[in-house]
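A short worksheet on the structure shown next.
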Amino acid sequence: MTVVEVPSGRQAWLAGSQAWPGGRFRLDERISVSDHIGSPCAISWEAQGLSLWKATDQLLGRPVTMYLLPPGAPVPPAVVEAVQAAAKVCDPRLATIYDTDFVTDTPYVVSEWTPGTHLEDLVLSGLPAPALAAAMIADAADALAIAQQAGRPHLRLTPRSLRWDSSSGLKITGLGLDAALCGPASDGAASDGLASDGLASDGLADTRALARMLYALLTGHWPGEDATALPAAPRHKGQVCTPRQVRAGVPAILDVITYRALSGQAPNAPVRPLAPAGLAMALRGVQRPSYQLVDPPEDVFSSPVPGRTRHPARHARARSGVLHRTSLLHPAA
């Protein structure tokens, strides 16, 4: 029988022999906070006496994640508010808050257990195809758009906040709670060498975080200076290079979307950065492009393609405009 180490101030117990707390949950394995959310926050968590566990809900027979808060200390109002708000957001891509107890001597939060590989390890194991990278981040952006509409942006997205499992798909952990416990993540604009526009105040910080993750999936490099296991993105004159400058084969439209979401300014087309909903829509358009007519160059139809017969009706339609993908490059009026 293995004795499980618990945070100081809590009564030691034997794994598998005694349920804790409240007779319902059994603590099975302590989780490294740095593995869960990244090393910068781990120091803060440990200093506060917080710990993270994989546990078993013995009533429902399912694995859960347990956040154990410092014993005997009042729970910060920001944590209570974040948990209450996150518990009201329903989306299968967001880790669900199952249970809380803030009034006992051993306060805790119970959330959904999220198996799978986090984005950092996924990138280190091999880059996905650009279309799959776009689909993954589009899913994440869709989920965070729902959370933002409910008034609960994440605000502390890291490469370890996104997990991918072949059976359950994408999961985002720590909605609201990680930011309440550790503080909101830096927007990263200064470290990226890119423009900042007060993004954290209205949830657009999540868009920048998603753009950094998309950049990593496309290139294998991390465009911020926060600590990760990924190599830093190359820079030119102090600014992060675009994905196409780092890796051959990145579609031009993904290059523009990523750069625009990172900095709020696409090459040769300054605009405000997108909210998660806009990023999701743009990335869905990459997978299922829509089209609009734009004026063609004067010489596009000056001479026929050798060996090809020109269809009169199609040629007449083409003379009035060229089909072009609607995207961030050509936003609708």
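Because the structure is predicted, anything quoted here is derived from the model rather than measured.
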(request) State which residues pass salt bridge (charged side-chain N to carboxylate O under 4.0 Å, His left out) with D91; sequence neighbours excluded, sorted by chain then number. (result)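 D91 satisfies salt bridge (charged side-chain N to carboxylate O under 4.0 Å, His left out) with R93 only.
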Minimum heavy-atom separation for [X] to [Y], with atom names?
X: A82; Y: A180; value: CB-CB, 3.7 Å
X: P63; Y: K54; value: CB-CE, 4.2 Å
X: A216; Y: V123; value: O-CG1, 3.7 Å
X: H154; Y: T173; value: NE2-O, 2.7 Å
X: L50; Y: R30; value: O-NH2, 4.3 Å
X: D206; Y: L157; value: O-CD1, 3.9 Å

Looking at [atom1] of [X] and [atom2] of [Y], how far apart are the two atoms once the value is rounded to the nearest 0.5 Å?
X: L69; Y: T104; atom1: CG; atom2: OG1; value: 9.0 Å
X: T228; Y: L230; atom1: OG1; atom2: CG; value: 4.0 Å
X: L254; Y: L214; atom1: CG; atom2: CG; value: 6.0 Å
X: D178; Y: I172; atom1: CG; atom2: CD1; value: 12.0 Å
X: L155; Y: Q148; atom1: CG; atom2: CD; value: 9.0 Å
X: D99; Y: D57; atom1: CG; atom2: CG; value: 8.0 Å

Mind checking whether [X] and [Y] have side chains closer than 4.5 Å, heavy atoms only?
X: E29; Y: W53; value: no
X: C182; Y: R156; value: yes
X: P71; Y: D105; value: no
X: W222; Y: P159; value: yes
X: L210; Y: L279; value: yes
X: M66; Y: L68; value: yes

Sequence neighbours excluded, which residues qualify as side-chain contact (heavy atoms from CB on, under 4.5 Å) partners of [X]?
X: A150; result: V89
X: E81; result: A85, R152
X: K88; result: none
X: A233; result: Y215, H221, P223, V240

(request) Only pairs at least two apart or in different chains count here, so list each ring pair (Phe, Tyr, Trp, His ring centres under 6.0 Å) that has a residue in residues 57-76. (result)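 For residues 57-76: W45-Y67.
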With [X] via side-chain hydrogen bond (donor to acceptor under 3.5 Å, both in side chains) - residues at least two apart:
X: S111; answer: none
X: T114; answer: none
X: S166; answer: none
X: S32; answer: S34

(request) Please determine, by modelled atom types, if Y259 and Q239 share a side-chain donor-acceptor pair under 3.5 angstrom. (result)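 Judged by distance alone, the side chains do pair up.
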(message) Test of understanding: clusters of I, L, V, M, F, W, Y form through side-chain heavy atoms closer than 4.5 Å, transitively. Do L170 and M281 belong to the same one?
(response)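 Not linked; separate clusters.
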(request) Spell out, yes or no, whether W164 and L283 are grouped together once hydrophobic residues are joined by side-chain heavy atoms under 4.5 Å, including indirect joins. (result)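 Yes, because W164 and L283 connect within a single hydrophobic cluster, where side-chain heavy atoms sit under 4.5 Å apart.
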(message) Filter on salt bridge (charged side-chain N to carboxylate O under 4.0 Å, His left out), then keep only pairs touching residues 236-254, sequence neighbours left out; what's left?
(response)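 Passing the test, one end in residues 236-254: no pairs.
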Donor-acceptor pairs under 3.5 angstrom involving side-chain atoms of residues 125-144: please list them, not counting sequence neighbours.
unit_1 : atom_1 : unit_2 : atom_2 : d
S125   : OG     : D121   : O      : 3.3
S125   : OG     : L122   : O      : 2.8
D139   : OD1    : R284   : NH2    : 2.6
D142   : OD2    : R284   : NE     : 3.3
D142   : OD2    : R284   : NH2    : 2.7

(message) I'd like to know if K171 pairs up with E112 as an ion pair, taking the criterion as any Lys NZ or Arg NE/NH1/NH2 lying under 4.0 Å from an Asp or Glu carboxylate oxygen.
(response)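 Here K171 pairs with E112 in a salt bridge, since their nearest N and O are under 4.0 Å apart.
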(message) Among R62, R26, R24, which residue satisfies the side-chain hydrogen bond (donor to acceptor under 3.5 Å, both in side chains) criterion with T56?
(response)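 So, applying the side-chain hydrogen bond (donor to acceptor under 3.5 Å, both in side chains) to T56 and each of R62, R26, R24, only R26 qualifies.
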(request) Under the side-chain contact (heavy atoms from CB on, under 4.5 Å) rule, what do T100 and V110 come out as? Steps first, then yes or no, please. (result) CA-CA 6 Å; T100 63; V110 180; over 6 Å; no
